[in-house]
Structure formats: structure tokens, C-alpha cells
2 protein chains.
Amino acid sequence: MNLRQLKYFVATAETAQVSRAASALSISQSSVTTAIRDLESSLGATLFLRTRSGMDLTDAGRELLASAYAILSKIDEAQNLRHRDTDASGKIRIAASYTVMGYFLPYHLDRLRRLHPNLDIELHELNRDSIEEGLLSGRFDVAVLLTSNITNPGLESETLLRSARRVWCASAHPFAQRRNITFDEIADEDYILLTVDEAANTAMKYWSAQTREPRVRLRTTSIEAVRSMVANGQGITILSDMVYRPWSLEGKRIATVMPGAQVPTMDIGLAWRRGAVFTPQMELIHAYFRQTFNSPYAS
Amino acid sequence: MNLRQLKYFVATAETAQVSRAASALSISQSSVTTAIRDLESSLGATLFLRTRSGMDLTDAGRELLASAYAILSKIDEAQNLRHRDTDASGKIRIAASYTVMGYFLPYHLDRLRRLHPNLDIELHELNRDSIEEGLLSGRFDVAVLLTSNITNPGLESETLLRSARRVWCASAHPFAQRRNITFDEIADEDYILLTVDEAANTAMKYWSAQTREPRVRLRTTSIEAVRSMVANGQGITILSDMVYRPWSLEGKRIATVMPGAQVPTMDIGLAWRRGAVFTPQMELIHAYFRQTFNSPYAS
DNA sequence: CACTGTTATCGGATTATCCGATAATACCGA
DNA sequence: TCGGTATTATCGGATAATCCGATAACAGTG
């Protein structure tokens, strides 16, 4: 994909004709046609329906159009980098749970350090209760945690990312060839239950909607242990894509399958004390996450 | 600017060395060097400080990096267009004030119509009081208006765009050559006061912080009239960039200058009844505006 | 003072892009 | 029925962008 192709695509979508788009862009019609053809083949989707009178956007095309608008406007914005004099120095105290700290934050902390080298990020790893208490008492400015389990009315939250939960099994397991696995089938297998953070609570929450219960063979707080057990065929589990890796530590492969019934997503987001006045540092963090996950998920 | 250049730039920023970036990208070092050189010249800014040990991001570079992350992740997102099955049909009732309807909405309505051809957008042009009342009574789903003047606690709002207010004058006026104009100087000139919507109220609000008052020569509800008067040198005014156009209807030129003292920005955004449950159609509208102005402005 | 690690620059090969002409298609009115 | 007039699609050759490898320039370091 290409910015050029994207521009030609937008012009065609807006004029509904390749030839009009070409003249609006002051280039030849064949270039536009080729660009759109290439774009379609690179995306593996038909973007327009070719009619006698021009080009009609398909649903896929409309979806791309929305993205294209966003991309091109961001490019525009990037092109005049005027110094927004946000104060990038100072300290911010961030709390996070174990899983978030290990599987979500490292990547973003790395980026944040590069983007704001003078911002002093103070990290605290704690369990949910301590995090919520710390936010309320003002020991932390903001927290990154599972937003779906927040019930404290004194906190405000914003979901950034939803990660689907899937069935994990060994690649040799018969489930690995299936497209769907029912809860009944899962209940017939040995189950590895992760007990770190709120994983066990959450699992029990959606299992309670079922008639049967998982046959728990092992409870562990180690995600690596879960991976090894599953990879070795000693049981299956249900965990979110965020902590999924295709390989166990010993190098054996793990497969994933969609569960048949609805399993809630794992929602990760920011939380802060309700009504808290954002410091410039909090604004930076908030703006960063909003920008990278500018998500249609409200909360 | 180019996606290729952007990718090379990000790789260089992350590895802090052209040569490491090149090997990470599996291309030659000279290509990366050239791409960054071209990117810098096209932006007119230095992105890195060249040191003996590699490349250090400048402030401008860090700013671009933030944009680049956003752009590339949007590209990623665009590349796998999976059908989000949001219901794009149905009706939404949007209220807007005169200025917003004339200068802000047309562009976006055009885009929304293309993105969601089955969404029936019902528009209502009203003054602020009627809009607020209509939101509360449920006659409108959402409104687009000046968010800075919202005081009704029954409404929730989100600012999308801040448009700076500047001094407008004829291009031949001595002010046009200046970089700053004090309020005292403005008070010595004839002033054209726009009275449409809340323009007059807002103007009076920031004038009241000054010792002097504007010498109002004309009050009008027509922005075109303001433009003509100003272009003909019959007075000056202060209005937001949103309604600024460089030419009057007769083709005479209008210049803008920054006011010396702080003039509040004109903030445009969405408003809805506090606690309202978003319909799928409202989600669409909200998501669209959030996406196109994914703004660091909270409210 | 040579050695090692940087980035910068140059010429030539390769690849992408563009254009104009032409083909293919389907509607539309005589 | 049959040209006429809109479309978009395709092809070959010209042009421009991009890439690579070699080499230069530079600054620490032992």
C-alpha cells in the first residue's frame, strides 16, 4: 500500500469516477485505474463496483475510505510540525497490574521514553484493590488495568483495547483443526487455570453461565507454566490474545480456536480518580494512548 | 512525504542508528540516509542530530515520531479491513448553530454521506438555547456547537476543534504588516461587530477584560458583510480562523494578525444529554468526529 | 597513527510510475 | 439495429524514483 494509491482512491471515491478523479488530480486516467487495481489486489478486496456510469464504493471500500481520511489527515498534520509546547518533563506515577505490566506496557513505555525522554515515569505493580485505593488516595496519577472489572464509582476509566479470549490447545490436539469448540467439549478436557491477577475470577464469571464446570487439573500463577502445559498436551485453557504467544518456552507450538459461546473480551484501559485535574504529564500519557488506540470503544 | 520515508525514519529513531535501522529493514544504509535527508528537506526541519555514535532525535523529530506511529498504525488497521458490522442505517437527529452549519458541517456531512449512505441525517439549525433545550427534551440526539459556552449541567460535551481568533484587516491596512496588535490599538480603529450566533456575546466577554472598548461602527449578522467592510478598509474585527477566508465577495484581500493579548479560541464540539445511551447511529457520528479530530483536547 | 565505528555522497542498475493510445463495455437515442 | 458517447481496462515505451555497493569524511580509541 501506498500514499499515492490512497490519494487516488479517495479522489475516485469522492468523484465516483476514475476519469474525473484523474482530471482533479491532474494525471492520466490510466494511472488512477492502475493504482486502484493494485490497491485492491494488495488488500485482497474489491473496493468499487464498476458500473457504466462510474465507480460505486463497496462496503469494504467505504471502510477503507474512513481509514484513508484518517491517515491522510494525520499525514497533513505531521507535515507541519509546529512546536506544541506541552511540558514534556516532570513526573507521573502510573500503577498497573502484573499482566498489564508484563504484556501490555513494555512496548508503550519504550515508545513513551523515546517520545518524551524528560518525562519521569514512575511505575508501580500492584493488584486491583491496591491500585484502586492508590488512585483514590492520590498516590498514583493514573492506572493501566482491566477496565471491565472496575466498579468503584470514585474512578473514571477509558477502554483502549479489547483483546478476545480464545481456547488454547496443543497443535497436535484434535481441537486445533476445529473452527469452534463448545463449552461442553471443553469441560471434557483437562483445564489449566491461570490464577494471576483477576484471571481466575474472570474465568469463573463466564463459566458460571454454563451448565458444566471446567475440569481444573492445575492452578498456577505462571503464564509460562500454562503455555508449557498446554503445548505439551496436558490440558487446555481459555486466555486472551494479549498474553498469547504461538510458542512455549521449550519451543513447542500452541494453537488457538474460537470458543463456541460468547466469552467476554479482556478490556484494557486507563483509570483515574473521578474529577481529577489532569496534570500536563497525565495529558501526555492520555493523549499518547488515545492516539495509538483511537478507539471507537466508549466506556 | 512517503510511507517508505516514514518507515525508515521510525526504524532509525528506534535504533538510534542509520546502519542498525538499515539492517533491521534489510536494505542498504545509503537508502536510509537518503530517505531521511529527503524527509528532512521536505519538512524543512532537522529530525536528527548527527553524532559520532548515531542519530539523536530532535524535538521536531520526536514530534514527527508521534505522528508517524499514529499514521503507521492506522495504515496497519486499514490493511485488514474486516467488516465491523456497525449498523450504518437508521436516523440521527443533529442540531447545529448557524455558523457551525455554514462553516463547519458541510464538509463533514459530505464525507458522512459517502461513508454511510444509508444513514439518515436529520439536520436542525437553531440558536444555542433551542439546541440545549432540544437535547434535554430528546428532540435531538446530538448537537454540534460552540462547546466553550456550554454551562448546562444536564449536557455532556466533547471538544473537537479549537480555532484561533485573529484580527482581520484590509491588506492595505498598516496592521497587515505587523506581527502583533494590542487591544489599545484595536480600540483606536473602527470595529465591525458580527452579531450572529453568540459572536457578539463572546466578543464582549474578552473585551470586558480590557480597559477600553471597541469603537463599533457596524453591527451585522452577515459574515459576508463583515468581510466586505474589512476588505474595503472600513474597519477591522476579531473572528475565528474557521470563518476566515482570504477574499471578500468582491475579490478584495483580507489579512490577519495575531492579537497581542490572549483571545480565547473558538471551540467546536459535540454535545448530548448527560447519561444518554448512545444509539448505533450516534456511535457512528461520534466515532467519525473522534477519528477525524482525534484531539488531545479533553473537556 | 592505524583501527573501528559512525553518516554522507556518488554512479550505475533496477524498479516503480506515468502517459497516450487503444480496447472493451454498456447505455442511449435515432 | 446501430452508431455515438460515456465509462473503465490494458498495453508499450518514456521517465522518474529507488536501491545498492563502493568510497569518502569524520571522530573517538587503543
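These figures come from a predicted structure and were not determined experimentally. So that the names make sense, note that chain A is the first sequence line, chain B the second, and so on, each numbered from 1.
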Engineer: To the nearest Å, give me how far apart CG (Asp56(A)) and P (dT7(D)) are.
Structural biologist: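 My rounded result for the distance is 14 Å.
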Engineer: Determine yes or no for a side-chain-to-main-chain donor-acceptor pair under 3.5 angstrom, with Thr58(B) supplying the side chain and Thr46(B) the backbone.
Structural biologist: yes
Engineer: Can you tabulate the close N/O pairs, meaning under 3.5 Å, that link protein atoms to atoms of nucleotides 11-16 of chain C?
Structural biologist:
none

Engineer: Roughly how far, to the nearest 0.5 Å, is the NZ atom of Lys7(A) from the CD atom of Gln5(A)?
Structural biologist: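 Reported to 0.5 Å precision, the distance equals 12.0 Å.
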Engineer: Which atom names give the shortest non-hydrogen contact between Ala176(A) and Ser171(A), and what distance separates them?
Structural biologist: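 Closest heavy-atom pair between Ala176(A) and Ser171(A): CB-O, 3.5 Å.
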Engineer: For Phe293(B) and His108(B), take the angle between the two ring planes, folded into 0 to 90°, and tell me which bin it lands in: parallel under 30, tilted 30 to 60, perpendicular over 60.
Structural biologist: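 Geometry flag for His108(B) against Phe293(B): tilted rings.
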Engineer: Taking the side chain from Thr15(A) and the backbone from Gln17(A), do they hold a donor-acceptor pair closer than 3.5 Å?
Structural biologist: yes
Engineer: Would you mind checking if Asp59(B) and Arg62(B) are paired as a salt bridge, meaning a charged N to carboxylate O distance below 4.0 Å?
Structural biologist: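 Salt bridge flag = yes for Asp59(B) with Arg62(B).
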Engineer: How many whole angstroms separate atom CG of Asp38(B) from atom P of dT9(C)?
Structural biologist: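 Value for this atom pair: 11 Å.
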Engineer: Within the structure provided, determine whether Val243(B) and Trp168(B) are in side-chain contact (heavy-atom separation under 4.5 Å).
Structural biologist: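 Of all side-chain heavy-atom pairs linking Trp168(B) with Val243(B), at least one is under 4.5 Å.
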Engineer: How many Å lie between CD1 on Ile36(A) and P on dT17(C), as a whole number?
Structural biologist: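 It is 14 Å, rounded to the nearest whole Å.
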Engineer: What closest approach, in Å, do Ile71(A) and Lys74(B) show between heavy atoms, and which atom pair accounts for it?
Structural biologist: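 The pair with the smallest heavy-atom distance is CG1-CB, 3.6 Å.
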Engineer: Between His286(A) and Phe278(A), what is the ring plane arrangement, given parallel below 30°, perpendicular above 60°, and tilted in between?
Structural biologist: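 Perpendicular.
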Engineer: Report the residues that fulfil salt bridge (charged side-chain N to carboxylate O under 4.0 Å, His left out) with Arg253(B), sequence neighbours left out, ordered by chain and then residue number.
Structural biologist: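 Expected list: none.
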Engineer: Please test Asn2(B) against Asp38(B) for side chain to side chain contact (heavy atoms under 4.5 Å, CB included), starting from the C-alpha separation and ending with a verdict.
Structural biologist: CA-CA 10 Å; Asn2(B) 223 333; Asp38(B) 292 351; over 6 Å; no
Engineer: Among residues 46-54 of chain B, which contact DNA chain C at a heavy-atom distance under 4.0 Å?
Structural biologist: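 DNA chain C contact set from residues 46-54 of chain B: Arg50(B), Arg52(B), Gly54(B).
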Engineer: Output one line per pair: protein atom, nucleotide atom from nucleotides 28-30 of chain C, and distance, for all N/O pairs under 3.5 Å.
Structural biologist:
none

Engineer: In whole angstrom, give the distance that lies between atom NZ of Lys7(A) and atom C1' of dT17(C).
Structural biologist: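 Roughly 14 Å, once rounded to whole Å.
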Engineer: Tell me which pairs pass side chain to side chain donor-acceptor pair (under 3.5 Å) where either residue lies in residues 240-251 of chain A, with sequence neighbours left out.
Structural biologist: Arg166(A)-Asp241(A), Ser228(A)-Glu250(A), Asn232(A)-Glu250(A), Ser248(A)-Glu250(A)
Engineer: Could you tell me how the ring of Phe48(B) sits relative to the ring of Phe9(B): parallel (under 30°), tilted (30 to 60°) or perpendicular (over 60°)?
Structural biologist: tilted
Engineer: At a heavy-atom distance below 4.0 Å, what parts of residues 17-35 of chain B sit against DNA chain C?
Structural biologist: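 Listed by number, they are Gln17(B), Val18(B), Ser19(B), Gln29(B), Ser30(B), Thr33(B).
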